[in-house]
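None of these values were measured; they are calculated from a predicted model.
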Amino acid sequence: MAGAHTPTPVPYDPEHGLPATFGPGWKGRLLFWLAVGFSAFQVVTAFGIPLDFRLIGSLAWLTPIAVIRTAFVLWFAWIVLGALRGRAMVEPAIAFLALLGAFELVSLYTGTLPNQVLRTVHVGFLALIACGLLANADETSPIGRLFWRVVGVVGFAVGLYHWWNYIELVNRAGELTGADMVVGITALAVLFLLVWRAMGIALPLVAGTFLAYCLFGRYLPAPFDHRGYSLEQVIEQMSFGTEGLYATPTAVSATFIFLFILFGAFMERAGVIDFFNDISMALFGGKQGGPGKVCVASSALMGTVSGSGVANVVASGQFTIPLMKRSGFTGAFAGGVEATSSMGGQIMPPVMGAVAFIMAETIDVPYSKIVEAAIIPAILYFAACYWAVHLEAGKLGLTGLPKSELPSARAELRKNWYLIAPLLVLVYLLFAGFTPLFAGAIGLALTVALILALAISAGLGTTALRVVFWIGFALVSAASMAISVATVLGVVLLLVIWNILRGRSGREVLTACIESLADGARQALPVGLACALVGIVIGTMTLTGIGTIFGSWLIGIGKESMFLALLLTMIFSLILGMGIPTIPNYIITSSLAAPILLQLDVPLIVSHMFVFYFGIMADLTPPVALAAFAAAPMAKVSGMKIGVQAVKIALPGFVIPYMAVYDPTLMLQPVAGLEGASYWLAVVYIVTKATLAMILWGAAFVGQLTRRLAMWERILAAVAAGFLVAAVPLTDEIGFVLAAVMIGQHLWRVRASRRAAA
């Protein structure tokens, strides 16, 4: 109809079915402030500072809770006064209600919420905001909008039920009332429905299969049957306690994961991503195939902050993929490079993505040990990507970008070096033995402080004043970290007040920080929802012992052939990953397969890293290949073609886990009989062998070394690399000999052709 309004399509997150914006109008602003309240709730509980201590020893009534409530009273008075004067106060009122609600959730337990309450309210917030996003994005169906709003409110009410009745639920644990049954079934229904809508049918199908096994597994033939469980037992296991929806993955989502997602959002707001891109352009843009190497380097650097592979594809691919195509790479190869290097962000220390936190919590080892094990494989992975770009560029005869188009690395470092200070502090704290929660909290607080301090510094009139300010800021920040987390928060609060007093420019930077809080909450939704629903798998394992059946089968195979057991585990992870994101993929495979690998004498961290790596590789492997399909619109090539290229480029990602199983020194794990110099010689040997295999495989797949390879050379290179990887007596020696023959004759042939040409 002429003149009819056509709604603007709502942008969606490419990895999940959730909208990427909060929506227009007051409903969008309401959802925005609910997300801010969610982040505020998570930050306060993460820092874990009690709010009922005396600020002044002699004044029992003067506590942080009293001060905050007084601030809310003053805020309310300001809103009422503004409304009486005719000013528009709708948004301040929405913000007031959202933040007051978040504060009251915390204040009931004086700032230190019990784990069960934290997990249930966390999931409630996830449901409320995710359903709000879906409702605000539905521009065609009023019934659909109403439906999702009701689902969101009901999901949040489940969290409130646990919050309000926590003591009573603990006292009668195992004895559910009628109301408990309704709440427990409702929690399951809301999560199944929401995850189905947000992530597709695959994860609900897997979780539903495990849930059905709890209820009906007694009717299966031996040895797959179990003794049988009533509906009440299953609901108690899945919806109450810490073995189902609120198991370890949800606990990690409500603490480490949320905090580090916020950390990434604030780092991006501070300009760190642009800084990494500029440094990568300066260092690698002028080299052979420069744009492709820039993509690899910037993705590796971004991986130190953001652990989301598909998010990295979208964030950096808009810049790198067109740049690679303009320089002469094909669209499929450009998309493959972006997808491969971006997915590597999940194995690049120190952040590594959500799985690393879940792994550390699951196997009860320090997070720094997970990071330590990942360092060499991550370097090899990105080196392989870099090498593939180098060879492809040589094959196509591509050069780098003109020097005039490149920034200066020295100038960028001189101008913006301080942007990575919070990241350096984070790394130091992780390796100094502090918990990831403490390290993330301090890193987040310093990032916020840095953003606020930058705004203040920009408003100072002279260079001398700015120098004095930064020296003072550095000294105060260092001193506050040495004292306590509360002192660090005090520094942030002072900077907030300073920016408020600065007027409009100060309020603008505070608005940017608030937007980062909301954006962090939105980014945390798919991770948290997946963690909650996949808890059903953990609940089923602990209730029924199904893992023992699977384990006995796999152990039987592994005793005959370790390689076959590893191959089956890899295939299981890849098939599972074709429809399930990395986090639930890891949780399921680590629950089923990793303990079995441990019984086959695979070291603890290596066994979990094995399934972790193939969960990541699943996002590159056709036919689903989420990362490849995320790159497709920017590359203007089918996701399937990009996926094929990505698998070729990422081959070391498939091989390294096998090498680490047979030689754990690749992941810096202890080996009996190796100590001191002999241990480090073993590390050097395995790294050298893995690097040579990577070089040969890259040459075999691209068909290029110093110049194009003949087919027989490519086959010889692949065979040599295969022997280097195989863990059978004499295979290393054969591999080194074949590699020497292949490389030697290739160089001789190239030299001979040059002489003939001369």
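The CG atom of Leu301 lies 9.0 Å from the CD1 atom of Ile273; values are rounded to the nearest 0.5 Å. For the atom pair Leu529 CG and Met199 CE, the distance stands at 5.5 Å (nearest 0.5 Å). To the nearest 0.5 Å, the span separating OG on Ser298 from CG on Leu283 amounts to 11.5 Å. Distance check, rounded to the nearest 0.5 Å: CG of Leu446 to OG of Ser477 gives 6.0 Å. With values rounded to the nearest 0.5 angstrom, Glu392 atom CD is found 11.0 Å from Gln288 atom CD. A distance of 11.5 Å separates CG of Leu495 from CD1 of Ile451, quoted to the nearest 0.5 Å.
A donor and an acceptor atom, one from each side chain of His608 and Thr362, are nowhere located under 3.5 Å apart.
Residues in residues 420-431 take part in no side chain to side chain donor-acceptor pair (under 3.5 Å) pair, two or more places apart or across chains. Residue pairs satisfying the salt bridge (charged side-chain N to carboxylate O under 4.0 Å, His left out) criterion with at least one member in residues 260-280, sequence neighbours excluded, are listed as follows: Arg269-Glu515.
Residues satisfying the side-chain contact (heavy atoms from CB on, under 4.5 Å) criterion with Leu413, sequence neighbours excluded, are Phe275, Ile279.
Taking the six-membered ring where tryptophan is involved, the planes of Phe329 and Phe333 are essentially parallel, since the angle between them stays under 30° and well short of 60°. Ring planes of Phe38 and Phe125: parallel class, angle under 30° (limits at 30 and 60°). Between Phe473 and Trp470, the ring-plane angle classifies as perpendicular under the 30° and 60° cut-offs.
Trp33 places a side-chain heavy atom less than 4.5 Å from the side chain of Val36. Between Ile656 and Ile376, every side-chain heavy-atom pair lies at or beyond the 4.5 Å cut-off. A 4.5 Å side-chain heavy-atom check between Val252 and Cys531 finds every atom pair outside the cut-off. Using a 4.5 Å heavy-atom threshold, the side chains of Met359 and Met609 count as touching.
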Side chain to side chain contact (heavy atoms under 4.5 Å, CB included) evaluation trace for Ile257 with Ile358: CA-CA 9 Å; Ile257 295 174; Ile358 295 173; 4.2 Å; yes
I would like to know whether Ser341 and Phe382 meet side chain to side chain contact (heavy atoms under 4.5 Å, CB included); could you show each step before the answer? CA-CA 7 Å; Ser341 53; Phe382 281 101; 4.1 Å; yes
Which is it for Phe256 and Tyr367 under the ring-ring contact (aromatic ring centres under 6.0 Å, His included) test, yes or no, and what are the steps along the way? CA-CA 11 Å; Phe256 311 141; Tyr367 181 75; 7.9 Å; no
Residue pair Ile642, Glu338: steps toward the side chain to side chain contact (heavy atoms under 4.5 Å, CB included) verdict: CA-CA 9 Å; Ile642 292 174; Glu338 178 58 56; over 6 Å; no
Walk me through whether Phe32 and Ile514 qualify under side chain to side chain contact (heavy atoms under 4.5 Å, CB included). CA-CA 10 Å; Phe32 171 89; Ile514 291 170; 3.8 Å; yes
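Checking side-chain atoms of Lys293 against main-chain N and O of His390 turns up no donor-acceptor pair under 3.5 Å. Checking side-chain atoms of Ser327 against main-chain N and O of Met324 turns up a donor-acceptor pair under 3.5 Å. Using a distance-only test at 3.5 Å, with no hydrogens or angles considered, a donor-acceptor pair links the side chain of Ser280 to the main chain of Phe276. Checking side-chain atoms of Thr621 against main-chain N and O of Met617 turns up a donor-acceptor pair under 3.5 Å. The main-chain N or O of Gln42 is found under 3.5 Å from a side-chain atom of Thr45 such that the two form a donor-acceptor pair. With hydrogens and angles ignored, the 3.5 Å screen pairs no side-chain donor or acceptor of Arg522 with any backbone N or O of Leu133.
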